[in-house]
Amino acid sequence: MKLLIAYIQPEKLNAVKQALYEKSIFKMSVTTALGCGQQKGFHEHYRGTEIEVNLLKKTRIEIALNDEFVQPTVDAICSAARTGSIGDGKIFIITLDECIRIRTGETNGDAIG
Amino acid sequence: MKLLIAYIQPEKLNAVKQALYEKSIFKMSVTTALGCGQQKGFHEHYRGTEIEVNLLKKTRIEIALNDEFVQPTVDAICSAARTGSIGDGKIFIITLDECIRIRTGETNGDAIG
Amino acid sequence: MKLLIAYIQPEKLNAVKQALYEKSIFKMSVTTALGCGQQKGFHEHYRGTEIEVNLLKKTRIEIALNDEFVQPTVDAICSAARTGSIGDGKIFIITLDECIRIRTGETNGDAIG
Amino acid sequence: MLLLTALVAVLAWPTLAQNDTNTADPPDTAEVVEGEAAELAEAAEDVVIDPAVEDMVLDVKFMIDNLWILLAGCMVFLMHPGFACVESGLTRSKNTVNILFKNTMIVCIGLMTYAICGFNLMYPGFDEVVGIAGVLDIGAVSGFITVAGDQASQDANLTKAYADYTWYADFFFQAMFAATAATIVSGAVAGRIKLSSFLIFSAVFVGLCYPILGSWKWGEGWLHTRGFYDFAGSTLVHSVGGWGALVIAFLLGPRIGKYVNGKAKAIPGHSMPLAAVGVFLLWFGWFGFNGGSVLSADAALVSLVMVTTAMAAAAGGFTAAMVSWVMDKKPDLSMALNGILGGLVGITAGADQMAVWEAVVIGVVAGVIVYFAVIGIDRFLKIDDPVGAISVHLVCGIWGTLAVGIFGAMAGVSQFFTQLLGVVAYAIPTVIFCFAVGYILKATIGLRVEEVEEQQGLDIGEHGMEAYSGFQTFSNV
Amino acid sequence: MLLLTALVAVLAWPTLAQNDTNTADPPDTAEVVEGEAAELAEAAEDVVIDPAVEDMVLDVKFMIDNLWILLAGCMVFLMHPGFACVESGLTRSKNTVNILFKNTMIVCIGLMTYAICGFNLMYPGFDEVVGIAGVLDIGAVSGFITVAGDQASQDANLTKAYADYTWYADFFFQAMFAATAATIVSGAVAGRIKLSSFLIFSAVFVGLCYPILGSWKWGEGWLHTRGFYDFAGSTLVHSVGGWGALVIAFLLGPRIGKYVNGKAKAIPGHSMPLAAVGVFLLWFGWFGFNGGSVLSADAALVSLVMVTTAMAAAAGGFTAAMVSWVMDKKPDLSMALNGILGGLVGITAGADQMAVWEAVVIGVVAGVIVYFAVIGIDRFLKIDDPVGAISVHLVCGIWGTLAVGIFGAMAGVSQFFTQLLGVVAYAIPTVIFCFAVGYILKATIGLRVEEVEEQQGLDIGEHGMEAYSGFQTFSNV
Amino acid sequence: MLLLTALVAVLAWPTLAQNDTNTADPPDTAEVVEGEAAELAEAAEDVVIDPAVEDMVLDVKFMIDNLWILLAGCMVFLMHPGFACVESGLTRSKNTVNILFKNTMIVCIGLMTYAICGFNLMYPGFDEVVGIAGVLDIGAVSGFITVAGDQASQDANLTKAYADYTWYADFFFQAMFAATAATIVSGAVAGRIKLSSFLIFSAVFVGLCYPILGSWKWGEGWLHTRGFYDFAGSTLVHSVGGWGALVIAFLLGPRIGKYVNGKAKAIPGHSMPLAAVGVFLLWFGWFGFNGGSVLSADAALVSLVMVTTAMAAAAGGFTAAMVSWVMDKKPDLSMALNGILGGLVGITAGADQMAVWEAVVIGVVAGVIVYFAVIGIDRFLKIDDPVGAISVHLVCGIWGTLAVGIFGAMAGVSQFFTQLLGVVAYAIPTVIFCFAVGYILKATIGLRVEEVEEQQGLDIGEHGMEAYSGFQTFSNV
Ligand SMILES: Nc1ncnc2c1ncn2[C@@H]1O[C@H](COP(=O)(O)OP(=O)(O)O)[C@@H](O)[C@H]1O
Ligand SMILES: Nc1ncnc2c1ncn2[C@@H]1O[C@H](COP(=O)(O)OP(=O)(O)O)[C@@H](O)[C@H]1O
Ligand SMILES: Nc1ncnc2c1ncn2[C@@H]1O[C@H](COP(=O)(O)OP(=O)(O)O)[C@@H](O)[C@H]1O
């Protein structure tokens, strides 16, 4: 099992959700985050003073997956979230040792979906 | 060492905290998240228009643990957070390679608790 | 590759960012969290009633790194975030299996930086 | 219906016992300090003034008096958003929509029930209402909403024949007042009461309990005859609302998580700016509440009342802040805000009777009282009152009523006991009424929401919507 | 410039067709119910009163009337923060700065354009403005801002020679009114309109469209002559603003994500407390809006208008809440708030004509209408109106205008058709004007922001700043 | 105590030097434009009017004048929540409770100190206060709060014997004014000042500095005699407050993180809706601030003042928005809001002296000035003023004062230099006073909070509570 963490542009969340649904990935958890990356931020003005915004709003998605779902999920996210410009985001994948459904106590493969 | 990530219903946070205290687990980090799971969401109305709420409020708990604490912790969370209805949440466990306490520079087993 | 998760005092974020920049670590993702740790919280009053604040505001930093960057990053965070008093925070390190840049589809070492 | 009649009969005991004929005249508060109007009248008596000229001048005076009553009514209206802000600010974000909805509905329902029966119950004297058979005479009660639009009745209701102000202006001002009594309850029961039960309670409270009791004093009823004094409603509005808050909060029980192993826990409010803005709006509205209760634009009285109102509020706020600073090491904003409200409630009964320093003293005492009342109710009575409504409105309301016997132009032992009589006379029927209504609601549709609904928040449970969509909030910390 | 002249010419058709000489007198709404002033005058006729004394008394009366107009203007001013709160509260947090900026600028630009040309366009009668050549006579138009500061003109403009109030007070009150028409549009186009286009649209809307059309009735133009009645602007202000909202929202198209596969989706507002406070401010301001439209402090009329305004709002809010409770199972706060506004818009045309129960009926109907209008526009017209501006201002504005022919002192079949004529007469030129301006803007600088800017929010895109810096928000859920 | 006397002596220099006998009469601003009152009086002189009748009419006029002063005082009161909103909106959420607490306390403390000594220091003329020995004569100073409640003194203080308004109304209006001077300081020092130090500073500022300096002009002191003109306080209130803000902000130093390597960084405010609502409340309050400063309900003057106030604000807001649009590519809401306030401060000195177009010009200039002043102070003076208080109140206050010599009925070279004299005469003692008090506080209890407290936010540090409990916020981005 894998745990996939994706950072995407906030405005792409709906598109990504849609793309995942089409691949039958219904479960995920979402948080907001501030991101610092190649997209170095932008310069804005507040009361006439330049303000370097280098922590940009990002949306963080966490999905636990059985191994065979990993590639389709990555593909779905990439295609839905890609605009081609800097700041599109990253996907990180780590190994998930165990997964437990609190309601039933089921574990691992059964619990994940 | 393991890193345990649990998604629970927000209203269960106090109960879970209590249950963990009783098992001498005092340390944890909590964030809010929106979750999408078996609990497909509910249909509400806003200004007469149906609104499908499929990202529900969840609370995310992150706990770093020495291996022997993993099972008691899982048990405590499950018993405290379980209501038996869909949406109770999940626990994910991953391997933690290293743990450092910033204040002292202690590492691993010493740092975790 | 490693995924580093650090919990620090919110007021130290700027200092940590600065320290990481000096080590050429430009990429990170930040969220807010509530933390429960050795710093048992403090007792406050709200409308005359004692209130035990045991979930304190923390800032959570997530950084994906190539292995050779791990130690400098830990050092940088520790030196910038340390005040010597309880509550300074923790660093957790886990193994990162894969990393994908959404914009280009690059993976792993290339994608991480 | 039977039950309702019984309830009304309970409220009516002193009136029935006394068999007074209360006149339909509007109340006159300008009894002590001589006002402009009196002066004008005197002047008119001294020399012979052409009656046509006099009438012309009095018409202009009538315009001012009437305008001031209307403006004061508008200012009192702003107390409703004030309450809405304070109450939602001092509770958790998951109940915000519910509180806003309740406060919005109270204004709407309050205005309508007061037009349907409240206004006429309060002012024509109660004895006209409960006829020989002891049943409600709908005709006499429902006077305001059914007022004819024809020229003849307009003439009577829209000219100075009625009073210093028109009948319509009187209704406008009194109706804005009336709804505040129910709003007071709203704060104390926040976060757990069932919406429908609350709305029904509010309607009967504003439509029956408040006006019938109000008629005892302002409708020139038996307490008025006994010399009880309550300038703008420390007892008639605030204590009555406060008793309601106490009874319903008691019947409901505390919010989940408020008492853990018998120890009170703090449940912090979600928005201090909302709470602070709300208190400022209430303070502003109070200038209309007290200032308008002069019932004319009389320069002397209105000026005096404005000053005493401002000074008592300032003294109350400052004192409560200092007390909390000393007791809890750090000054508590919400206590300072409660202190301001406590000072305002405290001065309300005697705003036209006090010298400046007396107003300050009343405010200082109110500020001290509020602090200890909040803690006492929280810790010892173990009644969960999220916004401090009971401390502010009931406790300071009683203080303000008694203060009329201690300070100011009317002070004296006998007045003190008359004031005490008034406090008790209002306490008993209000408590009985609220218990009865609360109990009936509890037994029928239920008073309190389900546990899971309470934990998720009433916004989702009762309204299916969030107050702060898109914000990441912890709803249960 | 040519285009502008053409537009103005379009607006001018009925005037030109009619060739009436409209007088420059300020409007007199006190035609039906006899007021104080009339009474005073009568009294003066009956007996011989020393003219010096009479003048002295009338000077004092002038002070009150004038003060009330100014105070009413201040109250109307508070409608602007009211609109700002409602509109930002009912939309997403990522567009909040933009909405606040628009609403702030509307007041500033509105006051200035109204001073530059609006006021004089509206009140001296339109025929003086469009001269023989059909072009604008700048001199006549720009009267207010260029008014000389010398003693002579001050005397004429600052004494009771002008009316019951000074010329300056008249401007103050009318200018505050004028800006509200543009604000109505603001809500309907929130979240996608280009800032610069909106500001240009607002300026011409307040500076030309609103005052020229307004002159037809309040400037004693042709509709006034025909007996069309609109006390405080159900049609002149609200429908006109509502048509503007409809046209521009239609030209813009819906927000991204509003319609998915042709099905309407809800996009919840980000702050219900803001929305609720805004509605209370609007309600408060409306007491000045309607009350001030009496154009004197006449006790009878102002009292009546205050009461009808309050009752219609209460009835509207209550009804809309109940309808949403029945239809959607749970009571919707935003609907209740819209219901209050609907009731207020509905009573505006006949606030001085209705008995209390008639005001309640108008409010109840408005409450029902608002609910179904919101849903109808959302689902069937598929016009995306985030705050319900079209339902509240246009639909209830029409209802209120027609209601003058159904209820109250003027009711009658012929009056009903006159009212209908007025509704249509205002609809046609407003729609044409807004289409023209909207189309020109679309063709030149563009009406709508880029897609990515819309998704990130206009706060970042148009202003480079966030409304809630430091708060963790989901901007796209 | 000695130090205090010394400070007071410093403030007293011109008075002592001049040895004028200032009368205790309330100020009369209606000197230039002829008002109603004068007209009435004239009329009364021309023909013989029965004195009884005249008295009756004047009694009614007195009611209106007095009512207006009280209402204006209530409107000024709303400036306090206005300041609270602006200041908390433009700073970070971690300091919100602290700012709200400060603003609440300023009203409370301000009202009380003004009653204890401020009012009498300001109006009976300063020379009565500093007796031969140069020490404070407590009896004369503490007149207001100790005023007897007996009939005799009531008669003198509550009738038209005092002025166009009662002594109480005068206090009410002036006390609301007074507190604003301290509030101005509050914004500039937000986020780092120690609570106790700030409260002490505010008390002496409102209780001593402001009233003593105020007496120079409004107490009919030496600057009044020299012909210095400041209608409603561009200098007396705003510059004085602004100098205080400058001095204390300078003594405090900038917030941590404001200057990094000598470069100014922006620290965005946490809630633009709060800031915007605050500015609207201030604008509304300003109608009372300037309109009430007419000190009667005179139709001509009040109308004129309302219009000039509205136009200057509109022009200021629009201009600042446009300047920031041009300079920074995107229009800055907070600048537009500051521009509105700048326009209001600018018109305050000569609101009764300007024609409409002059008010617009003053506003436009103020809008430009505000923008560059904010940037100049931020970048070049390197004084950290989170809300722009110095730019708005000090810089625009000076501009407005000088503008009286440039535009309007009093314009002229000699008047310009008199105005300049006034500006300087107020600057020197205010700066000295604030430096002295600030320095003493710094040396004793300390001016600034600990670094860690500042970083965690003053809400936790000073009050142990959060403003937005339950919301996930970044407190240090
Ligand atoms: N090494 C990293 N560690 C943690 N988060 C990262 C890392 N690299 C990127 N991110 C996250 O991904 C977001 C997008 O990164 P960025 O480098 O701008 O994207 P891209 O290179 O695909 O254009 C960042 O804002 C940050 O939140
Ligand atoms: N595969 C997953 N990946 C990430 N988060 C998940 C996953 N499955 C469940 N969750 C989280 O757990 C929450 C509860 O899931 P749900 O399936 O509704 O619970 P259950 O099946 O136990 O009733 C979800 O809202 C989501 O936040
Ligand atoms: N075992 C753990 N699991 C998860 N989070 C932890 C753990 N230990 C510490 N933390 C996080 O780190 C923060 C600081 O921990 P604390 O023990 O107070 O620091 P220290 O021991 O370095 O003084 C906590 O508030 C919590 O957010």
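Naming convention: chains lettered A, B, ... in sequence-line order (proteins, then strands); numbering from 1 in each chain. Only a predicted model underlies this, so the values are computations on that prediction, with no experimental measurement involved.
When the heavy atoms of residues 62-82 of chain B are compared with those of chain C, the residues falling under 4.5 Å are Glu62(B), Ala64(B), listed by number.
Nearest heavy atom pair, residue Lys90(C) against residue Ile112(B), reads NZ-O, 3.2 Å.
Interface remark: Thr107(B) contributes no atoms to any contact with chain C (heavy atom separation under 4.5 Å). With a threshold of 4.5 angstrom between heavy atoms, Ser85(C) approaches chain B through N, CA, C or O but not through any side-chain atom. Both the backbone and the side chain of Leu96(B) have a heavy atom closer than 4.5 Å to some heavy atom of chain C. Heavy-atom distances place no part of Leu4(C) under 4.5 Å from chain B, backbone and side chain included.
Under the 3.5 Å distance criterion, the side-chain polar atoms of Asp88(C) are left unmatched by any main-chain donor or acceptor of Ile102(B).
The CD1 atom of Ile94(C) sits 12.0 Å away from the SG atom of Cys99(B) when rounded to the nearest 0.5 Å. One distance of note links CD of Glu98(B) with CD1 of Ile93(C); it measures 4.0 Å at 0.5 Å rounding. Within the model, atoms NZ of Lys58(C) and OG1 of Thr31(B) stand 15.0 Å from one another, a figure rounded to the nearest 0.5 Å. For the atom pair CD1 (Ile91(C)) and CZ (Arg101(B)), the distance works out to 12.0 Å, reported to the nearest 0.5 Å. Taken to the nearest 0.5 Å, the CD1 atom of Ile100(B) stands 9.5 Å off from the CZ atom of Phe92(C). The structure places CG of Leu34(C) at 8.5 Å from OG1 of Thr32(B), a figure rounded to the nearest 0.5 Å.
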